[in-house]
Amino acid sequence: MKWVYVEDIAAYKDQDVEIRGWVYNKTSMGKVRFILVRDGTGIIQATAFGKDEANPLFARFDALTQESSLIVRGRVREDKRAPGGYELSLAEIEIVQIAQEYPSSPKEHTTPFLMEHRHLWLRSRKQHAVLQVRAEVIRAIRNFFDDRGFRLMDTPILTPSACEGTTTLFETKYFDQAAYLSQSGQLYNEATAAAFGKVYCFGPAFRAEKSKTRRHLIEFWMVEPEVAFADLDDTIALGTDLILFIIERVLSRRRADLEALERDTKPLEAVAGPFPRYTYDDIVPKLQEKGSAMKYGDDFGAPEETILSGLSADPVLITHFPAAIKAFYMQPDAARPDLALGVDFMAPEGYGEIIGGGQRIHDLELLERRIRESNLPREAYQWYIDLRKYGSCPHSGFGLGVERVVSWMCGIKHIRETIPFPRLLYRIYP
RNA sequence: UCCCCGGUAGCUCAAUAGGCAGAGCGGUUGGCUGUUAACCAAUAGGUUGGCGGUUCGAGUCCGUCCCGGGGAGCCA
């Protein structure tokens, strides 16, 4: 008998098939029995009628517990009463393992309990839907760059020096020396971009910050493109195209998952581009008008992100930040050297910053000066400085946080549900 | 790191003013031919997060520690 998956079941109407999976739930009415069988791709109801105690089918049915693994065989039948439109008329149950008493029921649970059982929580409908969307977002990102001639250049996770402040880095041993878990592949991207023109890296980033918010993970995934000879406007255009592409893919391919999450898709459908664009100088008075207490020269806090989120149905772009609050490698504006040619993309609906990027310094002397002013160890950056000696050119790129985009697509409140095993400030288990 | 909240049965929660620790779900047993978190009946299930204190008596009050949750700050 053919082993099939629930997501393909419609193709097997009125045929005998085999499904391998787990008991999502079961119920019995005396002479009619139902098993909701979950196989990883979907859930189908298997039904059996009768009350023949000699029939091993019924004895096996009775033995099943929640999340027991099993193989069911039977005929696929169209039935309007069944969710999904199809159910399986049971001919045979083969028990693979009887699950011990399952710690969670299909009823309500608190966040600490669910997080403690994250390895099992993944089996539930909503978590399944979120992670399907995540997989789609990642696939969309890879397709987007691969189809546009970008080369995937993996950057190291173990790095020899602090790229930014050491307080935000995880330190580990590298034989006899110290090493740090990468916060970003960007500096290495600048090297590969000079070798391949258009590159991207895609991997985990680690931050040892004691951030305890719904928008931060200690370990998160980031895609970072870098393009040689591209300026700030080029990188804004690229980021805009990427976001529109991701939304289109999720809407066209994961609509059923968005429905399972009760995500109102209208705000996603409304995102069109080009995205509204403000300079830092323009946006600060606007924020102050709307009640923000920030002063010129401050970075955005949570209240500012909320106001920015409400300005448009599209993501809102902020450019030309004061150089003092941005990273050392940001290219200053030619006309206003106190401003950096950086851009932040703020997602609508309160999902915060999803892209941060900009143009990098390509002038040797300027970069050396900025490294000195930032009190960074010159030796550690020698290779990075070299890039400005040998065929330097203007270049730009950005980083997009995968989990924040997935949160936004799914319309879920907390970023911890957008990755199978979130690393949080007070949680590293499971 | 700071502010706020919480920890009682496997889970979700009750327990007047300090006075016998309970219910629903889940488990088990039985019943029921269309259930979707079924329903009906019965039944088992407890070191009230740890330590110390006040009291005739502490789940409840006090101290302290631990573990979580919400928010702020921090945050290429």
Side-chain angles (χ1 to χ4, degrees), chain A residues 24-38 43-51 62-63 65-67 77 79-84 87 89 99-117 120-121 124-125 162-165 167-169 182-190 205-218 220 222 224 226 293 298-303 305-306 321 323 325-330 340 342-344 352-353 355-360 374 396-401 404 413-414 416 424-427 429:
Chain A
Y24 194 70
N25 205 354
K26 72 164 191 176
T27 184
S28 148
M29 309 280 297
K31 285 184 185 160
V32 59
R33 298 151 207 259
F34 304 98
I35 314 172
L36 285 173
V37 179
R38 177 181 73 72
I43 295 174
I44 190 167
Q45 180 163 267
T47 59
F49 295 90
K51 197 188 170 71
D62 290 341
T65 56
Q66 188 183 355
E67 287 300 325
R77 200 159 39 73
D79 195 314
K80 288 194 200 74
R81 292 170 297 186
E87 60 181 32
S89 290
Q100 296 180 22
E101 191 177 333
Y102 200 60
S104 77
S105 65
K107 300 253 182 184
E108 62 204 316
H109 294 290
T110 55
T111 302
F113 177 83
L114 292 169
M115 290 308 303
E116 194 70 13
H117 296 85
L120 303 177
W121 190 21
S124 74
R125 279 186 167 115
C163 292
E164 314 297 329
T167 52
T168 64
L169 286 161
S182 173
Q183 296 192 312
S184 162
Q186 186 211 307
L187 302 188
Y188 293 98
N189 267 348
E190 293 182 49
F206 306 88
R207 278 204 303 224
E209 281 139 18
K210 300 218 162 180
S211 299
K212 189 177 176 324
T213 81
R214 65 180 63 173
R215 293 204 277 254
H216 288 89
L217 291 169
I218 303 301
F220 65 102
M222 188 158 59
E224 295 172 278
E226 190 74 28
D298 288 349
D299 210 343
F300 303 129
E305 292 201 358
T306 305
F321 294 89
I325 58 171
K326 287 290 174 183
F328 75 91
Y329 49 72
M330 284 221 177
V343 59
D344 281 0
E353 184 188 339
I355 282 182
Q359 201 170 321
R360 330 300 191 187
S374 308
S396 307
F398 63 81
L400 173 140
R404 287 193 183 173
K413 288 194 217 83
H414 205 298
R416 65 187 158 213
L424 300 162
L425 182 53
Y426 295 120
R427 178 170 293 284
Y429 177 93

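Labels below follow one simple rule: chain letters A, B, ... track the order of the sequence lines, proteins then strands, and each chain is numbered from 1.
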In whole angstrom, what separates [X]'s [atom1] from [N]'s [atom2]?
X: A:Gln66; N: B:C25; atom1: CD; atom2: C1'; result: 12 Å
X: A:Glu101; N: B:G27; atom1: CD; atom2: C1'; result: 4 Å
X: A:Trp121; N: B:C11; atom1: CH2; atom2: P; result: 16 Å
X: A:Lys26; N: B:A37; atom1: NZ; atom2: P; result: 17 Å
X: A:Leu425; N: B:C75; atom1: CG; atom2: P; result: 15 Å
X: A:Asp298; N: B:C74; atom1: CG; atom2: C1'; result: 14 Å
X: A:Phe113; N: B:C25; atom1: CZ; atom2: C1'; result: 12 Å
X: A:Lys326; N: B:C75; atom1: NZ; atom2: P; result: 11 Å

For [X], side-chain hydrogen bond (donor to acceptor under 3.5 Å, both in side chains) partners two or more places apart:
X: A:Ser124; result: none
X: A:Thr213; result: A:His216
X: A:Gln359; result: none

Check your understanding: Touch check for A:Thr110, heavy atoms < 4.0 angstrom, all strands: base, sugar-phosphate only, or nothing?
Key ->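 Here A:Thr110 touches the backbone only, sparing every base.
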
Review point. Which part of the nucleic acid, if any, lies within reach of A:Phe300 when heavy atoms closer than 4.0 Å are counted: base, sugar-phosphate only, or nothing?
Key: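 Here A:Phe300 touches the bases of the nucleic acid.
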
Span that lies between the [atom1] atom of [M] and that of [N], in whole angstrom:
N: B:U54; M: B:C66; atom1: C1'; answer: 23 Å
N: B:U16; M: B:A42; atom1: C1'; answer: 32 Å
N: B:A14; M: B:U48; atom1: C1'; answer: 13 Å
N: B:U47; M: B:G59; atom1: P; answer: 13 Å
N: B:G24; M: B:C62; atom1: P; answer: 32 Å
N: B:C39; M: B:G57; atom1: P; answer: 45 Å
N: B:C67; M: B:G49; atom1: P; answer: 16 Å

So, does [X] use its side chain to make a donor-acceptor pair with the main chain of [Y] at under 3.5 Å?
X: A:Glu353; Y: A:Asp344; value: no
X: A:Arg38; Y: A:Asn25; value: no
X: A:Thr168; Y: A:Glu209; value: no
X: A:Arg215; Y: A:Arg404; value: no

Least distance between heavy atoms, [X] atom then [Y] atom:
X: A:Ser89; Y: A:Arg77; value: OG-NE, 2.7 Å
X: A:Ser374; Y: A:Phe328; value: OG-CB, 3.5 Å
X: A:Asp298; Y: A:Ile325; value: O-CD1, 3.8 Å
X: A:Thr47; Y: A:Glu87; value: CG2-OE2, 3.5 Å

**Study point:** nucleotides 28-36 of chain B: protein proximity per nucleotide (B base, S sugar-phosphate only, - neither; heavy atom, under 4.0 Å)
**Key:** ----BBBBB

Review point. How would RNA chain B look in dot-bracket form, 5' to 3', counting Watson-Crick and G-U wobble pairs with both distances under 3.5 Å and writing | for bases paired to another strand?
Key: (((((((..((((.....[..)))).(((((.......))))).....(((((..]....))))))))))))....

Quick test: give all pairs of protein nitrogen or oxygen and nucleotides 65-70 of chain B nitrogen or oxygen below 3.5 Å, distance rounded to 0.1 Å.
from  : atom 1 : to       : atom 2 : distance (Å)
B:G68 : OP1    : A:Tyr426 : O      : 2.9
B:G70 : OP1    : A:Arg416 : NH1    : 3.0
B:G70 : OP1    : A:Arg416 : NH2    : 2.9
B:G70 : N7     : A:Lys212 : NZ     : 2.9

Point to revise | Parallel, tilted or perpendicular, as decided by the 30° and 60° cut-offs, for the rings of A:His117 and A:Phe113 | key: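 Answer is tilted, since the angle falls between 30° and 60°.
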
Review point. Does the side chain of A:Tyr329 pick up a donor-acceptor pair with the side chain of A:Gln186 at under 3.5 Å?
Key: yes

Point to revise | Residue whose closest nucleotide on RNA chain B lies nearer the 5' end, A:Gly399 versus A:Leu114 | key: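 Closest to the 5' end, via its nearest nucleotide, is A:Leu114.
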
Point to revise | Presence of donor-acceptor pair under 3.5 Å, side chain of A:His216 and base of B:C75 | key: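 Such a pair is found, so the answer is yes.
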
Practice item. Tell whether A:Ser211 reaches the base of B:C74 with its side chain through a donor-acceptor pair below 3.5 angstrom. Key: yes

Check your understanding: Should A:Lys210 be listed as having a side-chain N or O under 4.0 Å from OP1 or OP2 of B:C74?
Key ->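 No, no such contact exists.
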
